[in-house]
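Quick notes on the structure that follows.
To find a chain, count down the sequence lines: A is the first, B the second, and so on, and within it residues start at 1.
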Number of protein chains: 2
Amino acid sequence: MLKKGVERGEVLRALGEVFRAHGYESASLTLITEATGLGKGSLYHLFPGGKEQMAAEVLAEIDGWFELNIFAPLREADDPARAIAAMVAGVDQYFHSGDRVCLVGMVALGSARDAFAGAVDGYFARWQVALASLLRRSGLSKGQAQRRAEDALLTIQGALVLARARNDAGIFRRALSDLTKRLLAPPDRDLWTG
Amino acid sequence: MLKKGVERGEVLRALGEVFRAHGYESASLTLITEATGLGKGSLYHLFPGGKEQMAAEVLAEIDGWFELNIFAPLREADDPARAIAAMVAGVDQYFHSGDRVCLVGMVALGSARDAFAGAVDGYFARWQVALASLLRRSGLSKGQAQRRAEDALLTIQGALVLARARNDAGIFRRALSDLTKRLLAPPDRDLWTG
DNA sequence: GAGAGATTGTACCGATCGGTACAGAGAGTC
DNA sequence: GACTCTCTGTACCGATCGGTACAATCTCTC
């Protein structure tokens, strides 16, 4: 018997790795039973909604991790430099310095996108808002804070894609380093602000 | 009967759209016959190697398009500002301002990655080299040129992912605009250069 | 118009897909 | 130990997967 509660987290972690490794559509029930060590009986007992529920819960768990370790600290921080360094360190840790792929981004590109559109959009939206609020407190205009936060998210996603495409984790490391500098740079002197 | 040569390009174009819309693994033969208007008989006559050959040829055709319209102009250009503007315009056109996904990046994230690793890496590698060579001619150090070229590729990929995830093509447009500025900025005054 | 070769639709293949049914094993209570 | 209720392995479902076989058809050449 499953030891309630505690173990579900374990299962979700294993599920996450399967989805990351093969993508939502290609993660077959066979692959899933192997990765989790659970037969179909257990799987469908745990997730009556099937694969879709599994993926939804995995996404929710990822969201929870980021909420706790990235978004909330960003919202509550008062020292921008320290907060950004912490975010970058957290991201680097989570993505294993570029070896791990972003399941949320992956889902966004795949054909299962529509089924999880809300979760995907919410994840990025809350990240952007949290980061922008910190940037705003660091003295940036609202527009610039939003733009820089958007730039941060897209840089991380792009670095993950390119690092995987070229099989070079250094790309991710360098991108995070550059990103830190860009986020902490003084406000741009644009046409409408300078 | 197929009108030799000319038509194959048409078929590849349709194939590309199916792969882009569903991903390599989820693009079923049924989907493919619908999109191309070709039955299995024709398909396997045209591509004896099956799905894998289809994808390989689609990737090669994409590569060819970029070689002609992006990489070569980059290598041959003498005016950096103009060349970068042309690249950005070409990219914007190819990706339909963020509405179209990058098949190469998509394959890189999927489980078919290994089968096409060479093509994927080559595509990005030649892009980076071509862009870096232009940047070098514009006065950047070798290292900076390489880094900025890397940044450009990753920005484009990330913008495509985020634009799709958030269903906001504006993200792509803004990213390209920012990217242009970053590429044309004067050399960074880093520890070892300044 | 006969023959050759290229091209195509259709039936079919075994494998696997996600999902269901259900008998029975395991644990908790009395 | 008998009664629950939770949990799980296995057999099975129809559908679909990528791919093959092949006869029929088309286009061209002579």
*asked:* Check B:Glu17 with B:Arg100, please: is the shortest side-chain N to carboxylate O separation under 4.0 Å?
replied: yes
*Would you write out the dot-bracket form of DNA chain C, 5' to 3', with Watson-Crick and G-U pairs under 3.5 Å, [ ] for crossing pairs, | for pairs to other strands and . for unpaired bases?*
||||||||||||||||||||||||||||||
*A:Arg126/A:Asp63 ion pair, N-O < 4.0 Å*: yes
*When the ring planes of A:Tyr24 and A:Phe116 are compared, do they come out parallel, tilted or perpendicular, using 30° and 60° as the limits?*
perpendicular
_Please give me every residue in residues 108-115 of chain A whose heavy atoms get under 4.0 Å of an atom in DNA chain C, ordered by residue number._
none
*Can you tell me if the side-chain N/O atoms of B:His45 get under 4.0 Å from OP1 or OP2 in C:dT7?*
yes
*asked:* Just the rounded figure in Å: distance from P of C:dG18 to CD of B:Glu25.
replied: 13 Å
*Show your reasoning for whether side chain to side chain contact (heavy atoms under 4.5 Å, CB included) applies to B:Phe19 and B:Met54.*
CA-CA 10 Å; B:Phe19 285 133; B:Met54 296 177 207; 4.2 Å; yes
_For A:Arg75 and A:Glu67: C-alpha separation, side-chain torsions, deciding distance, then whether side chain to side chain contact (heavy atoms under 4.5 Å, CB included) applies._
CA-CA 10 Å; A:Arg75 281 190 220 103; A:Glu67 177 60 39; 2.9 Å; yes
*For residues A:Arg137 and A:Ser133, is any side-chain donor paired with an opposing acceptor at under 3.5 Å?*
yes
*To the nearest angstrom, how far is A:Leu38 atom CG from D:dT10 atom P?*
13 Å
*Give a yes/no on whether any side-chain N or O of B:Ser28 is located under 4.0 angstrom from OP1 or OP2 of D:dC17.*
yes
*Thinking salt bridges, do A:Glu150 and B:Arg166 make one under a 4.0 Å N-O criterion?*
no
*With sequence neighbours left out, write down each residue that passes salt bridge (Lys or Arg N to Asp or Glu O under 4.0 Å) with A:Arg82, or none if nothing qualifies.*
A:Asp79
*In whole angstrom, give the distance that lies between atom CG of B:Leu31 and atom P of D:dC17.*
8 Å
*Would you mind reading off the distance between B:Gln53 atom CD and D:dG18 atom P, rounded to a whole angstrom?*
16 Å
*Pairwise ring-ring contact (aromatic ring centres under 6.0 Å, His included) hits with a residue in residues 126-173 of chain B, at least two apart*: B:Phe66-B:Trp127, B:Phe71-B:Trp127, B:Tyr123-B:Trp127
*Interatomic distance where CD belongs to B:Glu7 and P belongs to D:dT27 [whole Å]*: 14 Å
*In whole Å, what is the span from the CG atom of B:Leu46 to the P atom of C:dT8?*
7 Å
*Can a side chain N or O of B:Thr30 be found less than 4.0 Å away from OP1 or OP2 on D:dC17?*
yes
Atom pairs under 3.5 Å: protein N/O with N/O of nucleotides 19-22 of chain C:
| from | atom 1 | to | atom 2 | distance (Å) |
| --- | --- | --- | --- | --- |
| C:dG19 | OP2 | A:Tyr44 | OH | 2.6 |
| C:dG19 | OP2 | A:Lys51 | N | 3.2 |
| C:dG19 | O5' | A:Tyr44 | OH | 3.2 |
| C:dG19 | N7 | A:Lys40 | NZ | 3.0 |
| C:dG19 | O6 | A:Lys40 | NZ | 2.0 |

*Going by an N to O cut-off under 4.0 Å, is there a salt bridge joining A:Asp151 and B:Arg182?*
yes
*Scan for salt bridge (Lys or Arg N to Asp or Glu O under 4.0 Å) pairs involving residues 44-54 of chain A, sequence neighbours excluded, and state none if there are none.*
none
